[in-house]
Amino acid sequence: MNIPNHVAIILDGNGRWAKSKGMPRNYGHVRGAQNLEVICEDAYNMGIRYLTVYLFSTENWKRSPEEVDALMKLFRKYTKTCIKTARDNNMKVRVLGDPSALAPDLQESLKKLVESSKDNTGLNFQIAINYGSRDEIVRAIRKAAQDCVDGKLRPEEITEECFSGYLDTAEVPDPDLLIRTSGELRLSNYLLWQLAYTEFYFTDVPWPAFNKEELMKAIEKYNERDRRYGGLKA
Ligand code: IPE
Ligand code: IPE
Ligand code: MG
């Protein structure tokens, strides 16, 4: 079995899963966060080296203030737990997205998480929080433009590779497999640049019910694909 080096996940369906159990949406988010910890370990044990998950989009601020608040509380708790998990499981954590809109204490915890795990050599775990791909690209363009103004970069030096280095995913290889749970067939502003040649897998299973067996199914499907990158089949 060919195990993808980098798996990106849009973990969707927490709300619908909770509703189907007659529970409030937030219960789904809590169970979704617990599931993420389990899947992280499973992914690493299967041989996946990079795992990138979408926790909160730049568009998710449009949800009710109560839900946004509950999610932020959950991220605070999750970030603290993750500091321990990263230490115990040798995980290197990176944060994608613009942290500046998050509460100062959450920004601090995220910084601590990244800093304390930076020398770890196990799973590379990227969490996308207040992340939007268009926002990421615009921020990257601004940084590159500023470097041009400062005389550190010439416009003709901006290649695909150079531009990738300005994105939040600098140093992270492109995903091999994208998984979206819970039935929606769209990208919702996730990793638009990085997914150029990624294989897509969509499942109706909602995120809190997505387990190791479901991950294995996705990898099996991935193995049935012929990856071509624009060329002919080898
Ligand atoms: C995914 O679950 C988690 C976040 C976007 C934070 P949803 O909250 O989107 O759940 P559904 O899609 O409404 O069921
Ligand atoms: C995408 O899920 C964002 C995250 C999983 C964090 P959404 O549930 O917010 O996406 P839409 O609104 O259905 O496109
Ligand atoms: Mg959703």
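Order of listing sets the numbers, starting from 1, for every ligand and every atom in it. Hydrogens, waters and symmetry mates play no part in the numbers below; they use all other heavy atoms, side chains included.
- Within Asp12, the N, O or S atom lying nearest to the Mg ion (ligand 3) carries the name OD1.
- Near Asp12, with a cut-off below 4.0 Å to any heavy atom, the atoms of ligand 2 are 2 (O), 8 (O).
- Under a hydrophobic clustering in which Ile, Leu, Val, Met, Phe, Trp and Tyr are joined whenever their side-chain heavy atoms come within less than 4.5 Å, directly or via other members, Leu36 and Val93 fall into the same cluster.
- Polar contact check, Ser57 against ligand 2: no nitrogen or oxygen pair lies under 3.5 Å apart.
- A salt bridge does not link Glu115 with Lys112: every distance from a Lys NZ or Arg NE/NH1/NH2 to an Asp or Glu carboxylate oxygen is 4.0 Å or more.
- Counted within 6.0 Å of CZ on Arg142, heavy atoms from surrounding residues, nucleotides or ligands total 12 or fewer; the atom is thus considered open.
- When hydrogens are left out, the protein atom nearest atom 13 (O) of ligand 1 is Arg25 NH2, 2.9 Å; that is the closest non-hydrogen contact.
- In Arg180, the part holding a heavy atom less than 4.0 Å from any atom of ligand 2 is the side chain.
- Of the charged side-chain nitrogens involved, at least one lies within less than 4.0 Å of a carboxylate oxygen, so that Glu184 and Arg16 count as a salt-bridged pair.
- Considering backbone and side-chain atoms alike, Tyr54 places every N or O at 3.5 Å or more from each N or O of ligand 2.
- Surrounding NZ of Lys212 are at most 12 heavy atoms belonging to other residues, nucleotides or ligands under 6.0 Å away.
- In summary, the atoms of ligand 1 found under 4.0 Å from a heavy atom of Asn60, numbered by their order in the structure, are 5 (C).
- Counting heavy atoms closer than 4.0 Å to ligand 2, residue Tyr190 contributes nothing at all.
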Let's go through Asn45 and Glu41 carefully: what are the C-alpha distance in whole Å and the side-chain angles of both, what is the deciding distance for side-chain hydrogen bond (donor to acceptor under 3.5 Å, both in side chains) to 0.1 Å, and is it a yes or a no? CA-CA 6 Å; Asn45 292 335; Glu41 271 203 69; 4.6 Å; no
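- Using a 4.0 Å cut-off between a side-chain N of Lys or Arg and a carboxylate O of Asp or Glu, Arg139 and Asp135 qualify as a salt bridge.
- Residue contacts with ligand 2, taken as heavy atom pairs separated by less than 4.0 Å, involve Arg63 solely via side-chain atoms from C-beta onward.
- Atom 11 (P) of ligand 2 is flagged as protein-proximal [any protein heavy atom, distance under 4.0 Å].
- Contacts of Arg186 with ligand 2, taken as heavy-atom pairs under 4.0 Å, involve the side chain alone.
- Below 30°, between 30° and 60°, or above 60°: for Phe202 and Phe200 the angle between ring planes is above 60°, a perpendicular geometry.
- Atoms of ligand 1 lying under 4.0 Å from any heavy atom of Leu55, numbered from 1 in the order shown and given with element: 6 (C).
- In summary, Glu157 and Arg154 engage in a salt bridge, as defined by a charged side-chain N under 4.0 Å from a carboxylate O.
- At least one heavy atom of Gly13 sits under 4.0 Å from some atom of ligand 1.
- Looking at Leu11, Asn14, Ile129, Thr58 and measuring to atom 5 (C) of ligand 2, the nearest heavy atom belongs to Leu11.
- Residue contacts with ligand 1 do not include Lys19, since none of its heavy atoms lies under 4.0 Å from the ligand.
- Close approach of ligand 1 to Arg16 (heavy-atom distance below 4.0 Å) involves ligand atoms 11 (P), 12 (O), 14 (O).
- Counting heavy atoms closer than 4.0 Å to ligand 1, residue His29 contributes side-chain atoms (C-beta onward) but none from N, CA, C or O.
- Less than 4.0 angstrom separates some heavy atom of Phe56 from each of these atoms of ligand 2: 6 (C).
- No more than 12 heavy atoms of other residues, nucleotides or ligands shown are found within 6.0 angstrom of CZ on Arg49.
- The pair Lys217-Glu220 does not meet the salt-bridge criterion, since no charged nitrogen lies less than 4.0 angstrom from a carboxylate oxygen.
- Ser188 OG, 2.6 Å is the protein heavy atom nearest to atom 14 (O) of ligand 2.
- Annotation for Arg227: atom CZ counts as buried by contact number, over 12 foreign heavy atoms lying within 6.0 Å.
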